[in-house]
Amino acid sequence: MKGRSGFKAILFLLAAVVFLSMADRGNLQAQNDDYKIGAEDVLSISIWENKQLDRVVTVRPDGKISYPLLDDIMVEGLTALEVKEVITKGLTRYVSKPEVTVTIQSIGSYKVYVLGAVNSAGALTLKRKTNLLQLLAMVGGGNLAENADLEKAYLLRNDHRLGVDFSKLIEEGDTAQNVELLPDDVIYIPDSFSRRITVIGEVTSPKTITFKNGITALDAVLMAGGPTEEAYLNGTTIISRRTDGEKTLKVKLYDVMKKGKLDKNMKLEPGDMIIVPAGVF
């Protein structure tokens with residue numbers, strides 16, 4: 001567990017370093033010829049030897065900008081080069097051979113939405129191309145992997161879930177899962193507390209443990225430091241909220257540990273609580 005947590009922390013650190021190094025290069029997304037303009041982007045428009053027509057304009061929510069002589073121009077979904085061509089064509093009625101320059105001064109439309117077990121939930125405006133790992137480093141840091149249910153996390157794009165496995169990305173470093181984010185992507189990372197196992201009573205370190213598929217009662221007790229000398233292992237109780245209602249289950253952990261009766265070693269489910277009572281063997 002310690003090695004895995006260290007690996008997660010290294011992944012987040014590397015992602016953060018890469019992301020910060022990108023900041024020194026300026027708004028890379030805005031400089032790309034294929035960047036599609038959207039609402040809240042700010043455009044700088046200049047006309048050679050016609051300074052009176054120079055403007056800095058913000059794209060309205062309807063995707064349009066207002067510009068002298070041409071009134072409203074639909075720019076949403078266009079590149080800076082395409083907007084240049086539209087303005088150039090429109091101005092030829094008023095200006096002889098207009099030389100138009102259109103640059104994206106700042107980005108406001110590259111928004112993604114992050115919900116759930118993160119430090120910075122809500123809408124996040126990105127200033128450059130950003131992949132999933134970089135975003136997770138921004139909103140969660142090293143604590144994300146500990147507090148989040150990665151197995152149930154998902155990325156929603158155009159109302160469809162993408163086949164991104166957050167657990168493989170964070171826990172195994174599978175870069176095939178590290179997709180580039182697009183505007184309006186929604187990332188949902190549920191809290192893992194509902195999928196945790198609680199171990200209390202006569203164990204060395206009572207604690208809450210993140211649920212993993214296949215974890216057993218003995219696994220959980222050992223992860224809590226093992227039983228104390230006063231523990232009555234055969235009296236171990238599991239309070240379980242299973243699909244058919246809350247149940248109290250008994251598991252004879254002494255028989256499992258000392259007599260090798262592995263069939264007595266019950267598999268756990270999310271939300272289970274294990275109580276190891278005091279007593280005698």
Side-chain angles (χ1 to χ4, degrees), residues 8-9 11-43 58-65 75-80 83 103-192:
K8 296 174 187 174
L11 277 178
F12 278 116
L13 179 59
L14 288 175
V17 169
V18 170
F19 191 84
L20 291 173
S21 68
M22 290 171 63
D24 295 333
R25 305 177 194 174
N27 288 345
L28 299 185
Q29 182 79 9
Q31 303 305 321
N32 287 348
D33 292 337
D34 60 353
Y35 175 71
K36 303 297 184 181
I37 294 167
E40 298 185 45
D41 286 346
V42 179
L43 309 181
T58 301
V59 182
R60 303 195 306 254
D62 62 0
K64 297 179 180 180
I65 60 171
V75 298
E76 185 172 27
L78 302 181
T79 66
V83 174
T103 57
I104 301 173
Q105 185 165 300
S106 67
I107 293 176
S109 65
Y110 191 6
K111 285 185 171 65
V112 296
Y113 301 87
V114 188
L115 306 172
V118 295
N119 295 331
S120 303
L124 186 64
T125 301
L126 304 177
K127 299 299 183 182
R128 56 195 58 81
K129 286 186 176 181
T130 304
N131 60 41
L132 183 56
L133 188 57
Q134 290 167 342
L135 180 80
L136 295 180
M138 294 168 60
V139 301
N143 293 326
L144 174 66
E146 301 301 326
N147 300 331
D149 185 352
L150 296 177
E151 293 182 3
K152 288 193 173 181
Y154 61 83
L155 172 59
L156 195 66
R157 178 173 295 168
N158 297 325
D159 295 327
H160 296 285
R161 290 194 188 190
L162 299 190
V164 176
D165 191 322
F166 283 67
S167 183
K168 285 186 177 180
L169 174 62
I170 301 303
E171 296 184 344
E172 301 176 21
D174 183 357
T175 56
Q177 311 301 321
N178 195 24
V179 300
E180 183 177 308
L181 298 174
L182 297 181
D184 296 322
D185 278 354
V186 177
I187 296 94
Y188 177 62
I189 305 173
D191 196 298
S192 64

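- Between the CG atom in Leu162 and the CD1 atom in Ile187 there is a gap of 9.5 Å [rounded to 0.5 Å].
- Within the 3.5 Å criterion, the main-chain N or O of Val59 finds no donor-acceptor partner in the side chain of Asp41.
- Nearest heavy atoms, Lys152 versus Pro190: CB-CG, 3.8 Å.
- Nearest heavy atom pair, residue Asp174 against residue Leu169, reads O-CD1, 3.7 Å.
- Note that CG of Asp184 is 9.0 Å distant from NZ of Lys111, once rounded to the nearest 0.5 Å.
- Interatomic distance, CZ of Phe166 versus CG of Asn178, reported as 10.5 Å (0.5 Å rounding).
- Looking at Leu156 and Tyr113, their side chains never come closer than 4.5 Å, going by heavy atoms from C-beta outward.
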Checklist entry - Checking side chain to side chain contact (heavy atoms under 4.5 Å, CB included) for the pair Leu182/Asn158: CA distance, chi angles, key distance, verdict? => result CA-CA 10 Å; Leu182 297 181; Asn158 297 325; over 6 Å; no
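- Rounding to the nearest 0.5 Å gives a distance of 12.0 Å between NZ of Lys129 and CD of Gln134.
- In this structure, Ser109 and Ala39 approach most closely via the heavy-atom pair CB-O, 3.0 Å.
- Annotation: the span from Leu150 atom CG to Asp165 atom CG amounts to 9.0 Å, rounded to 0.5 Å.
- Taking both residues in full, the closest heavy atoms of Leu135 and Thr130 are given as N-CG2, 3.9 Å, listed atom of the first, atom of the second, then distance.
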Next on the checklist: One pair to check against side chain to side chain contact (heavy atoms under 4.5 Å, CB included): Ile104 and Leu43. What are the steps and the verdict?
Outcome noted: CA-CA 5 Å; Ile104 301 173; Leu43 309 181; 4.0 Å; yes
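- To the nearest 0.5 Å, atoms NZ (Lys127) and OH (Tyr110) are separated by 12.0 Å.
- Contact record, Met138 with Leu124: CE-CD2, 3.7 Å, taken as the closest heavy-atom pair.
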